[in-house]
Asks: 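Have a look at the structure that comes next, please.
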Amino acid sequence: MIEPRIKEALKGRVMAGEIVPEIDGKSVNVFGWVHEVRDLGKLVFVVVRDVSGMCQVVFRMDELDESVRDVVRKLSSESVIFVKGTVVKQPKSRLGVELVAESVEILGKSVPRLEYDPTGKVQASMDVRLKHRILDLRRPEVKNVFIIGNHVLKALRDFFYQRGFVEVRTPKIIASATEGGAELFEIKYFDKQAFLAQSPQLYKEQLTTVFEKVFEIGPFFRAEESHTRRHISEFTSVDIEQAFSDMDDVMEVLEEAVAHVHRVLLDKCGKQLKELGVNLRVPKTPFPRITYDQALEILRQEGENIKWGEDFSTPHLRKLGKKFTSYYYITHFPTEIKPFYIQEKAENPALSESFDLMFQWLELASGGTRVSDHDVLIRKLVQKGLDPKMFEDHVKVFRYGMPVHAGWGLGFERFLMVLTRRTNIRETVLFPRDRFRLTP
RNA sequence: GCCCAGGUGGUAUAGCCAGGUUAGCAUCGCCGGCUGUCGCCCGGCGGACCCGGGUUCAAAUCCCGGCCUGGGCGCCA
């Protein structure tokens, strides 16, 4: 429990970010972490940081008791302190205001010489930052990414609820690794073998026959050997699936969701965006759409030698990203390079009713109209070299009345990278898991 | 999985190519000084060559292997 004395003081707590010139003369209690100490001898400046921001505390050593002076001399970076003092308008201070301290207590001592300096005076490598992630996260710039991410999640949920989607949670532990595509993590499930889910794809399709419109925001796992700035082993997928819909319907949902998030961020996260140096603009909808064939043509004019039917390589996408500098769709990929559950175009089965949402060269989302006919699904499984028997739990749902449906999956962290202009996906995950990183 | 680059005090780096220096600088920690700092400043002190093998009179430096890290590709979100 908290000491009654401290509990009482917490009632009068004023957040660091609320220490402004307008409350000049007010007596306040501030609780937070020592961000920085500048000791001038008889004058000691301490920058205190809490979740709201930072404020400067000044200790006039001559005017304080010896007992208080002792505590001030012992302050170490990142210790948790409780400062009692008076707010004073102070033009000499950069913030225009400071807290003249009357007393200070150390509530949680930090060790001297931290493994990593949260003030950022000395650059740290990504590896060091992630090894001491909690200290790294205390940096305002780093923290802001997650404050923004938090608002993105809420904005997406609000958007989906408003449009009548039901939020679902599908299993993350699955029995078979047969969906194809990504490598899965194998786990021990009592005496059985199991896998960590790579996506909610099959479950969300099934659930459209119950809720019609579903969405899920959850963690998924890929055991890929990827070693790039845009891959992690555990990521968050924003997935939707809706009945009585085709790709055009869900592309509209996606671009409106993206635009909505921009509007919410401009409204709620102006401070964070500014501190990150991000100048966000709401993208115009509908987003530009180019077909696979058109993208191919553009790349060929650039001198790329790509055969029809090939997927675009990363260098190809980088080239394309120079022409399309914001969000855009690439649609109607060859059926051959899309999963079994994607619907073929009726008039040309070599093409599929599929799309990717791109931001410049980065693939953010992928979706399409799904196969809804039982026999077509079986045929496509076989064509992909998969055994329909392994999919019986899924396939049988297609015998119970399956409407035409469509959906997409959006990589949340990649989206957050775009929104916060981070160039490494690890910047957008609190505790990232990649090929070589399992801790902290 | 393949390819490239890199591991020097707690952190970030110089030195390495052309082998021999008390291994330099900054930050950090400790001590001292400073009443207006805000990347405070000034003085002092402390702390490092990833591991193993080889070449050599001599290896942080050259060679081989390992481990670790960053990035690119493939694949994907």
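To find a chain, count down the sequence lines: A is the first, B the second, and so on, and within it residues start at 1.
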Asks: With sugar-phosphate meaning primed atoms plus P, OP1 and OP2, does A/Arg230 contact a base, only sugar-phosphate, or nothing at under 4.0 Å between heavy atoms?
Replies: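 Base contact.
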
Asks: With sugar-phosphate meaning primed atoms plus P, OP1 and OP2, does A/Glu234 contact a base, only sugar-phosphate, or nothing at under 4.0 Å between heavy atoms?
Replies: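 Since no nucleic acid heavy atom lies under 4.0 Å of A/Glu234, the category is nothing.
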
Asks: Heavy atoms under 4.0 Å, any strand shown: does A/Asn424 hit a base, just sugar-phosphate, or nothing?
Replies: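 Sugar-phosphate contact only - A/Asn424 comes under 4.0 Å of backbone atoms but never of a base.
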
Asks: Base, sugar-phosphate alone, or nothing: which one does A/Arg129 contact when heavy atoms must sit under 4.0 Å apart?
Replies: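 A/Arg129: no heavy atom of the nucleic acid under 4.0 Å.
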
Asks: Would you call A/Arg222-A/Glu224 a salt bridge at under 4.0 Å N-O?
Replies: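 Result for this pair is no, no salt bridge flagged.
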
Asks: In dot-bracket form, how is RNA chain B paired, counting a Watson-Crick or G-U wobble pair only if both its distances are under 3.5 Å and using | for bases paired to another strand?
Replies: (((((((..((.(......[...).))((((((.......))))))...(((((..]....))))))))))))....

Asks: Does A/Ser67 offer a backbone N or O that forms a donor-acceptor pair with the side chain of A/Asp65 under 3.5 Å?
Replies: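 Checking the backbone N and O of A/Ser67 against the side chain of A/Asp65, no donor-acceptor pair under 3.5 Å is found.
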
Asks: Please work out if A/Phe436 contacts a base, only the sugar-phosphate, or nothing of the nucleic acid, heavy-atom cut-off 4.0 Å.
Replies: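 Sugar-phosphate contact only.
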
Asks: Calculate the interatomic distance between A/Ile330 atom CD1 and B/A77 atom P; express it in whole Å.
Replies: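 The answer, rounded to whole Å, is 13 Å.
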
Asks: On a whole-Å scale, what distance lies between the P atoms belonging to B/G6 and B/A14?
Replies: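 Roughly 12 Å separates the two P atoms.
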
Asks: Just by distance, do the side chain of A/Gln198 and the backbone of A/Leu184 share a donor-acceptor pair under 3.5 Å?
Replies: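 Absent.
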
Asks: If you look at every strand shown and take non-hydrogen atoms under 4.0 Å, does A/Asp39 touch a base, only sugar-phosphate, or nothing?
Replies: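 Counting heavy atoms under 4.0 Å across all strands, the contact made by A/Asp39 includes a base.
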
Asks: Can you tell me, in whole Å, how much space there is between the P of B/C16 and that of B/G24?
Replies: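 Straight-line distance between the two P atoms is 15 Å.
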
Asks: To the nearest angstrom, how far is A/Phe59 atom CZ from B/C38 atom C1'?
Replies: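 In whole Å, B/C38 C1' lies 15 Å from A/Phe59 CZ.
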
Asks: Rounded to whole angstrom units, what separation is found between the CG atom of A/Asp127 and the C1' atom of B/A5?
Replies: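 Rounding to the nearest Å, CG of A/Asp127 and C1' of B/A5 are 15 Å apart.
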
Asks: May I ask you to evaluate whether A/Ser77 reaches the phosphate of B/C28, defined as a side-chain N or O under 4.0 Å from OP1 or OP2?
Replies: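 Answer no for this pair, as no side-chain N or O of A/Ser77 is under 4.0 Å from OP1 or OP2.
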
Asks: Starting at atom CD of A/Gln198, determine the distance to atom P of B/C75, rounded to an integer number of angstrom.
Replies: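 A/Gln198 atom CD is separated from B/C75 atom P by 16 Å.
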
Asks: Take the angle between the ring planes of A/His262 and A/Phe415 and call it parallel below 30°, perpendicular above 60°, tilted in between.
Replies: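 Tilted, since the angle between the ring planes falls between 30° and 60°.
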
Asks: Taking only the P atom of each, what is the distance from B/G74 to B/U56 in whole angstrom?
Replies: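 The answer is 46 Å between these two P atoms.
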
Asks: Tell me the closest heavy-atom pair linking A/Val30 and A/Val14, and the distance in Å.
Replies: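 Taking every non-hydrogen atom into account, CG2-O, 3.6 Å.
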
Asks: Atom CZ of A/Phe45 to atom P of B/G39: distance rounded to whole Å?
Replies: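 Rounded to the whole Å, the gap is 12 Å.
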
Asks: Report yes if a side-chain nitrogen or oxygen of A/Arg435 is closer than 4.0 Å to either non-bridging phosphate oxygen (OP1 or OP2) of B/G74; otherwise report no.
Replies: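 Result: no.
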
Asks: Hey, is A/Phe412 doing a stacking thing with B/A77, by the 5.5 Å centroid and 30° angle criteria?
Replies: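 One would not call A/Phe412 stacked on the B/A77 base.
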
Asks: Distance between the C1' atoms of B/C25 and B/C67, in whole angstroms?
Replies: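 One C1' to the other, the span is 30 Å.
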
Asks: If you measure from the P atom in B/G9 to the same atom in B/A48, how many Å do you get, rounded?
Replies: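 It works out to 9 Å between them.
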
Asks: Considering every strand and a 4.0 Å limit on heavy-atom distances, what is the contact class for A/Ser93: base, sugar-phosphate, or nothing?
Replies: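 The answer is base, as A/Ser93 lies within the cut-off (heavy atoms under 4.0 Å) of a base atom.
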
Asks: When you compare B/G7 with B/U13, how far apart are their C1' atoms, in angstrom units rounded to a whole number?
Replies: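 Between the two C1' atoms, the distance is 13 Å.
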
Asks: Please list each protein N or O that sits under 3.5 Å from an N or O in nucleotides 8-14 of chain B, with the distance.
Replies:
{"unit_1": "B/G10", "atom_1": "O2'", "unit_2": "A/Glu115", "atom_2": "O", "d": "3.1"}
{"unit_1": "B/G10", "atom_1": "N7", "unit_2": "A/Arg113", "atom_2": "NH2", "d": "3.2"}
{"unit_1": "B/U11", "atom_1": "O2'", "unit_2": "A/Gln123", "atom_2": "O", "d": "3.2"}
{"unit_1": "B/A12", "atom_1": "OP1", "unit_2": "A/Ser125", "atom_2": "N", "d": "3.0"}
{"unit_1": "B/A12", "atom_1": "OP1", "unit_2": "A/Ser125", "atom_2": "OG", "d": "3.0"}
{"unit_1": "B/A12", "atom_1": "O4'", "unit_2": "A/Gln123", "atom_2": "O", "d": "3.0"}

Asks: With a 3.5 Å cut-off and just heavy-atom distances, do the side chain of A/Arg414 and the base of B/C76 make a donor-acceptor pair?
Replies: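 For A/Arg414, whose side chain was compared with the base of B/C76, there is a donor-acceptor pair (under 3.5 Å).
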
Asks: Could one point to a donor on the side chain of A/His227 or the base of B/C73 with an acceptor on the other under 3.5 Å away?
Replies: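 Answer is no: no donor-acceptor pair is held.
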
Asks: When the C1' atoms of B/U35 and B/G44 are considered, how many whole Å apart are they?
Replies: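 That atom pair is separated by 24 Å.
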
Asks: Ignoring hydrogens and angles, does a donor from either the side chain of A/Ser226 or the base of B/G74 sit under 3.5 Å from an acceptor on the other?
Replies: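 Donor-acceptor pair under 3.5 Å: yes.
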
Asks: Identify whether any heavy atom of A/Leu40 sits under 4.0 Å from a base atom; if not, whether one sits that close to sugar-phosphate; answer base, sugar-phosphate or nothing.
Replies: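 Answer is base: heavy atoms of A/Leu40 come under 4.0 Å of a base.
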
Asks: Return no unless some side-chain N or O of A/Lys121 is found under 4.0 Å from OP1 or OP2 of B/G39.
Replies: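 For A/Lys121, the contact criterion (side-chain N or O under 4.0 Å from OP1 or OP2 of B/G39) is not met.
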
Asks: Select base, sugar-phosphate, or nothing to describe what A/Arg426 touches, counting heavy atoms under 4.0 Å on all strands.
Replies: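 Here A/Arg426 touches the backbone only, sparing every base.
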
Asks: If only side-chain N and O atoms of A/Arg73 are considered, is one of them under 4.0 Å from the OP1 or OP2 phosphate oxygen of B/G32?
Replies: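 No, outside the criterion.
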
Asks: Quick one: which of A/Val152, A/Asn150, A/Leu156, A/Asp158 gives a side-chain contact (heavy atoms from CB on, under 4.5 Å) with A/Lys154?
Replies: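 Only one option passes, and that is A/Asp158.
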
Asks: Does the A/Glu216 side chain pair with the main chain of A/Thr170, one donor and one acceptor, at a distance under 3.5 Å?
Replies: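 Here the side-chain-to-backbone pair exists.
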
Asks: With a 4.0 Å cut-off on heavy atoms, is A/Ile232 in touch with a base, just the backbone sugar-phosphate, or nothing at all?
Replies: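 Base, at least one base heavy atom under 4.0 Å.
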
Asks: Specify whether A/Phe324 and A/Tyr328 have parallel, tilted or perpendicular ring planes, treating 30° as the upper limit for parallel and 60° as the lower limit for perpendicular.
Replies: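 The arrangement is parallel - the two ring planes meet at less than 30°.
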
Asks: Which class fits the ring pair A/Phe235 and A/Phe220: parallel under 30°, tilted 30 to 60°, perpendicular over 60°?
Replies: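 Answer is tilted, since the angle falls between 30° and 60°.
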
Asks: Which residue, A/Val37 or A/Thr314, contacts RNA chain B at a nucleotide closer to its 5' end, judged by nearest heavy atom?
Replies: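 It is A/Val37 whose nearest nucleotide is closer to the 5' end.
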
Asks: Just how far, in rounded Å, is C1' of B/C30 from NZ of A/Lys74?
Replies: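 Computing the A/Lys74:NZ to B/C30:C1' distance gives 16 Å.
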
Asks: Atom CZ of A/Arg433 to atom P of B/C76: distance rounded to whole Å?
Replies: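 For the pair A/Arg433 CZ and B/C76 P, the rounded distance is 25 Å.
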
Asks: Report which part of the nucleic acid A/Glu413 touches: base, sugar-phosphate, or nothing (heavy-atom distance under 4.0 Å, all strands).
Replies: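 It contacts nothing in the nucleic acid.
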
Asks: Sticking with atom P, work out how far B/U8 lies from B/C50, rounded to a whole angstrom.
Replies: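 About 6 Å, rounded to a whole number of Å.
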
Asks: Got a donor-acceptor pair under 3.5 Å from the side chain of A/Arg222 to the base of B/A77?
Replies: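 For A/Arg222, whose side chain was compared with the base of B/A77, there is a donor-acceptor pair (under 3.5 Å).
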
Asks: If only side-chain N and O atoms count, and only distance matters, is there a donor-acceptor pair under 3.5 Å linking A/Thr325 with A/Gln360?
Replies: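 Judged by distance alone, the side chains do not pair up.
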
Asks: Atom NZ of residue position A/Lys384 - does it have more than 12 heavy atoms of other residues, nucleotides or ligands inside 6.0 Å?
Replies: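 Correct, the count exceeds 12.
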
Asks: I want to verify a distance call: between B/U37, B/G29, B/C38, whose nearest atom is closest to the A/Glu98 side chain?
Replies: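 For the A/Glu98 side chain, the nearest candidate turns out to be B/U37.
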
Asks: Tell me whether the rings of A/Phe340 and A/His394 are parallel (<30°), tilted (30 to 60°) or perpendicular (>60°).
Replies: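 Plane angle over 60°, so perpendicular.
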
Asks: Check the angle between the aromatic planes of A/Tyr161 and A/Phe215 and answer parallel, tilted or perpendicular using the 30° and 60° thresholds.
Replies: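 Plane angle over 60°, so perpendicular.
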
Asks: Nearest of B/C76, B/G1, B/G70 to any side-chain atom of A/Asp311?
Replies: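 Closest nucleotide among those given: B/C76.
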
Asks: For A/Lys338 and for A/Ser313, locate the closest nucleotide of RNA chain B by heavy-atom distance; then report the residue assigned to the nucleotide nearer the 5' terminus.
Replies: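 Here A/Ser313 is the residue nearer the 5' end.
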
Asks: Return the value, rounded to whole Å, for the distance between atom CZ of A/Phe415 and atom C1' of B/C76.
Replies: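 Distance, rounded to whole Å: 19 Å.
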
